Protein chains: 2
Amino acid sequence: MMKQNKAVNENHKKKSLNPKDWELATLEVIANQGVSAVAVETIAKVLGVTKGSFYWHFTNRKDLIVAALKRWRDEDNKIIKQRVLSVSDPYKRLKTWFLLSSEPLQSHLIYATLLADRQHSYVSKVLKEVTVERLKYLQQCYQDIGYSETQAKQQSLLAYSVYVGYLHMTKTLHGQFKHDTNVEQYVKHVAGQLIHPPESLSIELSPLNSDL
Amino acid sequence: MMKQNKAVNENHKKKSLNPKDWELATLEVIANQGVSAVAVETIAKVLGVTKGSFYWHFTNRKDLIVAALKRWRDEDNKIIKQRVLSVSDPYKRLKTWFLLSSEPLQSHLIYATLLADRQHSYVSKVLKEVTVERLKYLQQCYQDIGYSETQAKQQSLLAYSVYVGYLHMTKTLHGQFKHDTNVEQYVKHVAGQLIHPPESLSIELSPLNSDL
DNA sequence: GATTGTCAATACGCAAGCGTATGGAAAATT
DNA sequence: AATTTTCCATACGCTTGCGTATTGACAATC
């Protein structure tokens, strides 16, 4: 009954695989190489089995990916609920979100690669839904601060764009996440720019008003 | 010089294709479906020929993509030089850049899809170089305003992240670019937040200071 | 007008990757 | 103990897409 799979080297006892094993391995692939890199035979090899196993647990490749993404989404929602939405003060809540966004979590990697592989309809569907969800609670934060609905919409879109952009920039520039002091300082800088009371929105300090 | 291919239906006369025709058609595919969707036989069909033609002009698929990306990069640089870098006032220059960034140009679509297909080394290479280039002149703008080098670095990274994020958000939310009045208003909002004199950086209006 | 060069069509080989069919071994059930 | 269920291996067929080889047509040049 002993086995040597599930992760590559975990010689625990486990007689057989379950869908969760496949989904977790799939998320690992998605996080690092994207949805298009999800190949059943490859993942099977990682799990120490062959295709025969896979098609017993899932009907096809798409089924696997959809299940994996569902798992990712649920997991992500759980984290947000626990660590962000639980903060009552909206300023602190926003700052917490920004800090969380800069943490090197697999969840972020997955989101970033989903942005890439959105040519698949089942990917873009999840992506859009998750994005809308996230924008919603960000908007709520800004409304809690005192922003009007319109202002909060724009500001949350801006804040979220920064998040998405940050994900890409770190990948593009380092090829990897680097969670060092520079990142911390940058997040502070960003938060300082994007978290402030609504009154400061109308305060235009730049000479742009007179020009454009 | 006239022809009947290049685009799908242009019944002009043209005896034969040249590399440029292939590169333009390739950029069209990249802009809409990404690098991984570049298939020689498909593009050949668009151009009204078969593979036989392709392998006369290029050695292989990678060769085509690299050439197409070079063309894209050169073209993009030309636009930036003409429309952005030519503006002497740094505030106006920044604002011009933001406005340009929201225009529905093919160049932006291509950049967005490159962010997706960066698993290919030859893509990530170009991507990184272009990104560094762009960050450089953005940083220069902020330094011209009076930002310190460190401040300008962070601020340009922030501004550029917004750009990248915006590209993705529009795709994710609408599936398409929508250059309407909403976009215009949003850009105004963003510019108001991200273009200001360096003194305002230290002005912390939010209650965050006392909390975190 | 014969030859050479340019550009493209057709046919083929080959690898990757999905899905199916079938059989087999171990475990659970009866 | 026999049988059924669970889980997986092996082998096969099929499609897509790259790259090559060969041939051909039209133009340019000699």
Side-chain angles (χ1 to χ4, degrees), chain A residues 1-8 10-26 29-30 32-68 117 119-123, chain B residues 1-6 8 10-26 28-30 32-68 117 119-123:
Chain A
M1 9 165 87
M2 305 289 237
K3 270 237 170 167
Q4 86 293 10
N5 30 26
K6 174 175 187 189
V8 192
E10 281 192 37
N11 37 4
H12 299 162
K13 67 255 155 159
K14 172 143 190 197
K15 28 186 201 281
S16 62
L17 297 175
N18 55 37
K20 180 178 176 181
D21 298 321
W22 285 92
E23 291 164 15
L24 291 181
T26 301
V29 172
I30 292 179
N32 296 314
Q33 301 161 272
V35 173
S36 46
V38 173
V40 284
E41 274 149 311
T42 305
I43 297 181
K45 190 174 285 178
V46 171
L47 294 175
V49 293
T50 64
K51 289 169 52 168
S53 171
F54 173 78
Y55 285 98
W56 195 89
H57 296 288
F58 298 89
T59 67
N60 55 27
R61 177 175 174 271
K62 175 180 169 180
D63 186 25
L64 169 67
I65 295 173
V66 169
D117 296 86
Q119 45 259 8
H120 314 282
S121 59
Y122 51 96
V123 170
Chain B
M1 11 175 75
M2 310 286 234
K3 53 142 90 168
Q4 92 296 3
N5 26 28
K6 177 186 187 178
V8 190
E10 286 190 34
N11 40 2
H12 301 161
K13 65 230 158 185
K14 170 147 188 192
K15 27 180 198 285
S16 62
L17 297 173
N18 55 39
K20 180 179 177 181
D21 298 320
W22 285 92
E23 291 163 16
L24 291 180
T26 301
E28 197 66 32
V29 173
I30 292 179
N32 296 313
Q33 302 162 270
V35 173
S36 45
V38 173
V40 284
E41 274 149 310
T42 306
I43 298 181
K45 190 174 285 179
V46 171
L47 293 176
V49 293
T50 63
K51 290 170 53 168
S53 170
F54 173 77
Y55 285 98
W56 196 90
H57 296 287
F58 298 89
T59 67
N60 55 27
R61 178 176 174 271
K62 175 180 170 182
D63 186 24
L64 168 67
I65 295 173
V66 169
D117 297 87
Q119 45 259 6
H120 314 282
S121 59
Y122 52 96
V123 171

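Just so we're clear, the structure is a prediction, and the values are computed from it rather than from any experiment. Just so it is clear: chains get the letters A, B, ... in the order the sequence lines come, proteins before strands, and each one is counted from 1.
- Relative to the side chain of B:Trp56, the nucleotides C:dC7, D:dC18, C:dA9 differ in distance, and C:dC7 lies closest.
- Each of B:Glu41 and B:Trp22 was assigned the nucleotide of DNA chain C with the nearest heavy atom; the assignment lying further toward the 5' end belongs to B:Trp22.
- Residue A:Leu47 contributes atom CG, which lies 15 Å from atom C1' of D:dA9 at whole-angstrom precision.
- Between A:His57 and D:dT6, a side-chain N or O to OP1/OP2 separation shorter than 4.0 Å is absent.
- Here the P atom of nucleotide C:dG17 and the CD1 atom of A:Ile43 are 12 Å apart, to the nearest Å.
- Closest to the side chain of A:Lys51, from the set C:dC18, D:dC8, D:dG17, is C:dC18.
- Comparing D:dA9, C:dC18, D:dT6 by their closest approach to the side chain of A:Arg61 singles out C:dC18.
- What separates CD of A:Gln33 from P of C:dG17 is a distance of 11 Å, to the nearest Å.
- Between A:Phe58 and A:Trp22, the ring-plane angle classifies as perpendicular under the 30° and 60° cut-offs.
- A:Leu64 places its CG atom 10 Å from the P atom of C:dC18, with the value rounded to the nearest Å.
- Here the closest heavy-atom approach between residue A:Leu17 and residue A:Ser53 is recorded as CD1-OG, 4.2 Å.
- Summarising the geometry, atom CD belonging to B:Glu41 is positioned 12.0 Å from atom CZ belonging to B:Arg61; distances are rounded to the nearest 0.5 Å.
- Put simply, CG on A:Asp63 is 16 Å from C1' on C:dT20, counting in whole angstrom units.
- We find that OH of A:Tyr55 is positioned 20 Å from P of C:dG23, with the value rounded to whole Å.
- Distance, B:Phe58 CZ to D:dC18 C1': 16 Å, rounded to whole Å.
- In summary, of the residues considered (B:Ile30, B:Asp117, B:Val29), a side chain to side chain contact (heavy atoms under 4.5 Å, CB included) with B:Ser36 occurs for B:Asp117 alone.
- Residues A:Ala67 and A:Glu23 share a closest heavy-atom pair of CB-OE2, 3.5 Å.
- In the set D:dG19, D:dA9, D:dC18, D:dA9 carries the atom at the smallest distance from any side-chain atom of A:Val49.
- In this entry the distance linking CG of A:Leu17 with P of C:dA26 reads 17 Å, nearest Å.
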